[in-house]
Amino acid sequence: MDRIDKILVAQNFGSRKEVHKLIKSKAVTVDGECVTKVDMKVDTAVNVITVAGQVVEFKEHLYIMMNKPQGYVCATEDKVSKTVLELLPPNLQRKGLFPAGRLDKDTEGLLIITDDGDFAHRMLAPKKHVSKRYYVETDKEITEDTIKAFEKGIIFRDGTKCLPAKLEILENNRGIVEICEGKFHQIKKMFNVCRLNVTFLKRISIGNLNLDSNLTIGQCRELTKIEKNAIFLVK
Ligand code: URA
């Protein structure tokens with residue numbers, strides 16, 4: 001059992017003050033009865049809550065798709081730079097949210113933000129083989145030799161071995177790279193080994209989930225259930 005105001009704040013119906021206003025305006029019911037007390041005790045497993053006539057569906061976790069802009073770091077807090085969490089609109093803010101995986105500060109594109117640690121682990125662990133695809137631009141022409149080197153598995157200068165990766169040339173210095181691990185600066189370093197510098201990097205998909213082309217840079221929205229599952233569908 002928990003207080004109705006606390007429950008509604010946790011479900012993103014607004015701040016405590018806003019939720020109190022909602023309750024006072026008679027917009028909230030529990031099992032068909034209008035709520036009059038902000039501290040009414042409710043059991044979300046048993047009682048049916050409505051707000052403005054809509055049944056409240058309880059979400060244990062939040063899963064957010066963001067089109068990450070450059071200039072933001074993938075961290076929950078940072079002393080120097082702005083974090084991706086600062087881009088979340090008030091209705092998508094919740095305790096415990098974190099970026100699932102890191103994109104560099106100057107990398108754009110598909111980022112998942114969640115408060116579900118198991119989900120993030122499933123998505124990120126190389127053993128789970130969830131592929132991540134990136135659009136990449138380089139300072140020089142990408143050649144067949146680079147494709148072959150990626151296919152074989154790049155070895156960094158410090159001896160770290162990368163799993164085989166797919167590289168498709170779109171034209172000249174533009175391509176699509178697919179990897180299923182997330183080593184620090186992995187794609188930039190893989191190209192560096194092949195004597196190319198990455199000048200632009202954008203993640204375009206994770207598993208079978210593509211970045212929503214309607215999301216402008218910096219925008220985000222909740223994932224649908226189908227999209228969430230698409231991450232783990234084998235291509
Ligand atoms: N590889 C990189 O080098 N940077 C990223 O942000 C993601 C993958």
Side-chain angles (χ1 to χ4, degrees), residues 64-78 80-88 97-114 119-143 145-147 149-170 173-212 215-220 231 235:
I64 299 164
M65 171 196 288
M66 176 180 282
N67 185 356
K68 179 195 172 292
Q70 294 185 8
Y72 287 78
V73 293
C74 288
T76 50
E77 48 185 34
D78 194 278
V80 182
S81 305
K82 295 171 283 186
T83 74
V84 289
L85 294 191
E86 293 173 40
L87 291 165
L88 294 177
L97 286 175
F98 61 92
R102 279 170 192 257
L103 292 179
D104 296 338
K105 190 172 174 181
D106 60 356
T107 300
E108 294 183 10
L110 178 58
L111 178 70
I112 305 297
I113 295 175
T114 184
F119 171 88
H121 175 73
R122 254 199 328 142
M123 194 177 95
L124 299 171
K127 274 190 191 148
K128 307 284 180 187
H129 295 290
V130 174
S131 66
K132 285 98 191 167
R133 296 175 80 233
Y134 295 81
Y135 165 77
V136 61
E137 291 177 8
T138 54
D139 61 342
K140 290 189 288 274
E141 186 171 349
I142 306 169
T143 63
D145 285 350
T146 309
I147 296 183
F150 276 30
E151 244 168 35
K152 248 178 92 182
I154 294 282
I155 302 174
F156 293 153
R157 294 189 180 99
D158 66 358
T160 306
K161 286 185 184 151
C162 298
L163 292 171
K166 283 187 204 150
L167 170 61
E168 180 196 337
I169 301 171
L170 296 175
N173 67 330
R174 303 192 301 117
I176 303 285
V177 187
E178 186 173 320
I179 56 176
C180 60
E181 41 183 359
K183 298 188 198 305
F184 189 55
H185 297 328
Q186 179 158 350
I187 291 179
K188 290 174 186 160
K189 283 167 141 179
M190 284 167 62
F191 276 100
N192 281 161
V193 169
C194 302
R195 296 179 200 290
L196 291 165
N197 290 314
V198 170
T199 53
F200 180 80
L201 190 60
K202 175 176 180 169
R203 184 152 63 193
I204 52 175
S205 67
I206 301 177
N208 262 338
L209 174 70
N210 295 328
L211 176 64
D212 179 348
L215 279 187
T216 57
I217 293 178
Q219 272 191 328
C220 53
I231 289 176
K235 281 193 183 171

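The figures here come from the full heavy-atom set of this structure, side chains too, leaving out hydrogens, waters and symmetry mates. Both counts, for ligands and for their atoms, begin at 1 and track the order of listing. The structure displayed is predicted, hence computed values, not measured ones.
Geometrically, ligand 1 and R102 share no nitrogen or oxygen pair separated by less than 3.5 Å. In terms of polar-atom proximity, K188 is counted as a contact of ligand 1, with an N or O under 3.5 Å from an N or O of the ligand.
R133 has a carboxylate O that lies under 4.0 Å from a charged side-chain N of E178, or vice versa, which qualifies the two as a salt bridge. Here D106 pairs with K188 in a salt bridge; the nearest charged N to carboxylate O distance falls below 4.0 Å.
Counting heavy atoms of neighbouring residues, nucleotides and ligands inside a 6.0 Å radius, atom NZ of K140 exceeds 12 of them.
Here the heavy atom of the protein found nearest to atom 4 (N) of ligand 1 is D104 OD2, 2.7 Å. Nearest non-hydrogen protein atom to atom 1 (N) of ligand 1 is I187 N, 3.1 Å.
Here the CG-CD1 distance, from L97 to I113, works out to 7.5 Å after rounding to the nearest 0.5 Å.
The distance between the ring centers of F184 and F156 does not fall below 6.0 angstrom.
For L201, every heavy-atom contact with ligand 1 shorter than 4.0 Å involves the side chain, none the backbone. Only side-chain heavy atoms of T107 come within less than 4.0 Å of ligand 1; its backbone N, CA, C and O stay farther off.
Under a 4.0 Å heavy-atom criterion, Y134 is in contact with ligand 1.
Residues R174 and Y135 have side chains that bring a donor and an acceptor to within less than 3.5 angstrom of each other.
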